[in-house]
Amino acid sequence: MKNEIAIVGGGIAGFALALNLHKRGIACSVYEAAPEVREIGVGITLLPHAMRELNLLGVGDDVAALGIANRESAFFNRFGQKIFGEERGRAAGYPYPEIGIHRGKLHGILYREAVARLGSRIRTDHRFKALEQDGDGVTLFLERMSDGSALGAVRAAAVVACDGVKSTIRRQFYPGEGLAFTGINTWRGLTRRKPILDGRTYLRIGSIRTGKMVIYPIADDIDDSGDQLINWVAEITGDGSQQNDWNTPGRREEILPIYDSFKFDWLDVGGLIRDAELVLEYPMVDRDPIARWTFGRVTLAGDAAHPMYPRGSNGSAQALIDARIVADRLAAGDDPAAAFQAYEAERNPATARIVLSNRHNPPDIINLRVEELTGDRPFDALDAFISQEELRELSDNYKRIAGFSEADFNRS
């Protein structure tokens, strides 16, 4: 329809934007390439500012019910010694929890809510091919992903690209741009097992120099025997040339030689990997920040605008914030192009800082710093090398950059 907003991509950003627009009385349709929306993938962590956005959409309680609220974030060296820990979410005084959840469950909640509110305007098996725009609107050309048949042209007042890190729409405006890969690959898995520590802790173990693991629970008591579903991510720096594929089955044998040595009295990391029911490979990629997201009546949002390393659990939060700000700016005036310019001016600088911080100074800079100071050896007294106050400042600095410090919530 010519007066509606077309959303290309039915991921977290796309469905959140549809819900935000519907809430403000703005007509929209979502065009998702996949023939069906399935609950696939591994874990995701939703920081308090992400949960704030989901609560504003009315789905926060549903998300919290299917996930696990973290009480602590804890950092360990590869010898199993605790470096630093801090309370998280409501335990740290935030008005919202920090939730670990299966990404597919979050996606499913947003999809079902979007279908309930927008009905047939959620269109699957609609793959974007190209667009043309003029002073009155945008024409989208679509095809069925299932068989490649043409779906004809769709007219809209404006378009928001929510089609992810490999955005086809972004490629139309930046045809020569590539993904930034610096030799870091990840293996991600899901393992059923008894809770680790208190069953409410987000763990970072080791570093990208010696082998880094991120481990956290995403579902409780999954088989009526007290087992949790544990999400884990192995992050390894290679020679910079061989990039993992996307969402392909991972070979745990490739990483076990590193993590078999991560055996502590409270966790056997090698055993966690061996017992995984699912292992997938991903490259660690992002894109360099760009000064321009908006091209007339077309703009980028979420990973299409600012793909970032999945460190610090911030990609989903930034996509959700994008969705609200786009909707707010569209609701404030009649000119989509002006609304998109205002959205870009507000969000581009903030997300650029996070993209660069996730590359160079992510939360696990704590592990790297301690590894450097101790010479990658077990320590007797960490305070002889660095104080807890200094480590806390490293953590707090990332929160300020990412927009979820206590001061950020006090202002809102």
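The figures here come from the full heavy-atom set of this structure, side chains too, leaving out hydrogens, waters and symmetry mates.
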Report the C-alpha distance between D328 and R24 in whole Å, list the side-chain angles of each, state the deciding distance to 0.1 Å, and finish with yes or no for salt bridge (charged side-chain N to carboxylate O under 4.0 Å, His left out). CA-CA 8 Å; D328 281 347; R24 291 157 180 77; 2.8 Å; yes
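- Nearest heavy atom pair, residue Y398 against residue G312, reads OH-CA, 3.6 Å.
- A donor-acceptor contact shorter than 3.5 Å is absent between the side chain of E235 and the backbone of K212.
- Taking the six-membered ring where tryptophan is involved, the planes of Y31 and H126 are tilted, since the angle between them lies from 30° to 60°.
- Note that CD1 of I205 and OG1 of T210 are 11.0 Å apart. Values are rounded to the nearest 0.5 Å.
- Environment of CZ in R38: sparse, with no more than 12 heavy atoms of neighbouring residues, nucleotides or ligands closer than 6.0 Å.
- Aromatic ring centres of H107 and F15 lie closer together than 6.0 Å.
- No side-chain heavy atom of L17 sits under 4.5 Å from any side-chain heavy atom of D322.
- Judged by distance alone, with hydrogens and angles left aside, the side-chain atoms of N77 form no donor-acceptor pair with the main-chain N or O of G206 at under 3.5 Å.
- Classification of R400 and E393 as a salt-bridged pair holds, one side-chain N sitting under 4.0 Å from a carboxylate O.
- Of the possible polar contacts, one joining the D125 side chain to the M145 backbone as a donor-acceptor pair under 3.5 Å is found.
- Note on K105 versus E39: salt bridge recorded, some NZ/NE/NH1/NH2 to OD/OE distance being below 4.0 Å.
- When all heavy atoms are compared, the tightest approach of M51 to G60 is CE-O, 3.6 Å.
- Counting only distance, with no hydrogens or angles, the side chain of S316 and the backbone of L46 share no donor-acceptor pair below 3.5 Å.
- If you take CD on E371 and CZ on R209, they are separated by 6.0 Å, rounding to the nearest 0.5 Å.
- Using cut-offs of 30° and 60° for the angle between ring planes, the F262 and Y259 rings count as perpendicular.
- When all heavy atoms of R117 and L19 are compared, the closest pair comes out as CD-CD2, 3.7 Å.
- Checked for salt-bridge contact, D303 and R287 miss the test: no charged N lies under 4.0 Å from a carboxylate O.
- No side-chain heavy atom of N70 sits less than 4.5 Å from a side-chain heavy atom of R200.
- Heavy-atom minimum distance, A234 versus I255: CB-CD1, 4.0 Å.
- Remark: D227 does not engage R193 in a salt bridge, criterion side-chain N to carboxylate O under 4.0 Å.
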With salt bridge (charged side-chain N to carboxylate O under 4.0 Å, His left out) as the test, would you mind laying out the steps for R359 and D288 before giving the verdict? CA-CA 10 Å; R359 280 187 191 177; D288 292 331; 2.5 Å; yes
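- Counting heavy atoms of neighbouring residues, nucleotides and ligands inside a 6.0 Å radius, atom CG of D147 exceeds 12 of them.
- In this structure the side chain of R369 reaches within 4.5 angstrom of the side chain of I386, judged on heavy atoms.
- No side-chain donor from either of R274 and T191 sits under 3.5 Å from a side-chain acceptor of the other.
- Side-chain contact, Q318 with R347: a donor N or O sits under 3.5 Å from an acceptor N or O.
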side-chain contact (heavy atoms from CB on, under 4.5 Å) between D134 and E132, intermediate numbers included: CA-CA 7 Å; D134 52 44; E132 297 174 355; over 6 Å; no
May I have the step-by-step check of side-chain contact (heavy atoms from CB on, under 4.5 Å) for Y216 and I196, ending in yes or no? CA-CA 8 Å; Y216 56 93; I196 302 169; over 6 Å; no
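- R127 is not listed as a side-chain neighbour of L151, based on a closest heavy-atom distance of 4.5 Å or more.
- The two residues A74 and T201 come nearest to each other via the heavy atoms CB-CG2, 3.8 Å.
- Between P307 and V285 the shortest side-chain heavy-atom distance does not fall below 4.5 Å.
- The closest side-chain heavy-atom distance from Y282 to V42 is below 4.5 Å.
- More than 12 heavy atoms of other residues, nucleotides or ligands shown are found within 6.0 angstrom of NZ on K399.
- Closest heavy-atom contact between I44 and H102: CG2-C, 4.4 Å.
- Checking N361 against S357 by side-chain atom types alone, no donor-acceptor pair falls below 3.5 Å.
- A donor-acceptor contact shorter than 3.5 Å is absent between the side chain of K23 and the backbone of A327.
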One pair to check against side-chain contact (heavy atoms from CB on, under 4.5 Å): N231 and L190. What are the steps and the verdict? CA-CA 5 Å; N231 183 81; L190 299 174; 3.6 Å; yes
Using the rule given for side chain to side chain donor-acceptor pair (under 3.5 Å), can you reason through R392 versus S387, listing the C-alpha separation, both sets of side-chain angles and the distance that settles it, and then say yes or no? CA-CA 9 Å; R392 183 172 298 280; S387 70; over 6 Å; no
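- Residues R123 and L142 form no side-chain contact, since every pair of their non-hydrogen atoms from C-beta on lies 4.5 Å or further apart.
- Here the side chain of N358 pairs no donor or acceptor atom with the backbone of V355 at under 3.5 angstrom.
- Screening residues 73-84 for salt bridge (charged side-chain N to carboxylate O under 4.0 Å, His left out) gives E72-K82, R78-D376 as the qualifying pairs, with residues at least two apart or on separate chains.
- By the neighbour-count criterion of 12 heavy atoms within 6.0 Å, atom CG of D61 is sparsely surrounded, having that number or fewer from other residues, nucleotides or ligands.
- A donor atom on one side chain and an acceptor atom on the other are found under 3.5 Å apart for Y309 and T182.
- Checking H306 against N348 by side-chain atom types alone, no donor-acceptor pair falls below 3.5 Å.
- Atoms CG and CD1, from D62 and I101 in turn, are 9.5 Å apart once rounded to the nearest 0.5 Å.
- Under the 30°/60° scheme for interplanar angles, the aromatic rings of F76 and W266 are found to be tilted.
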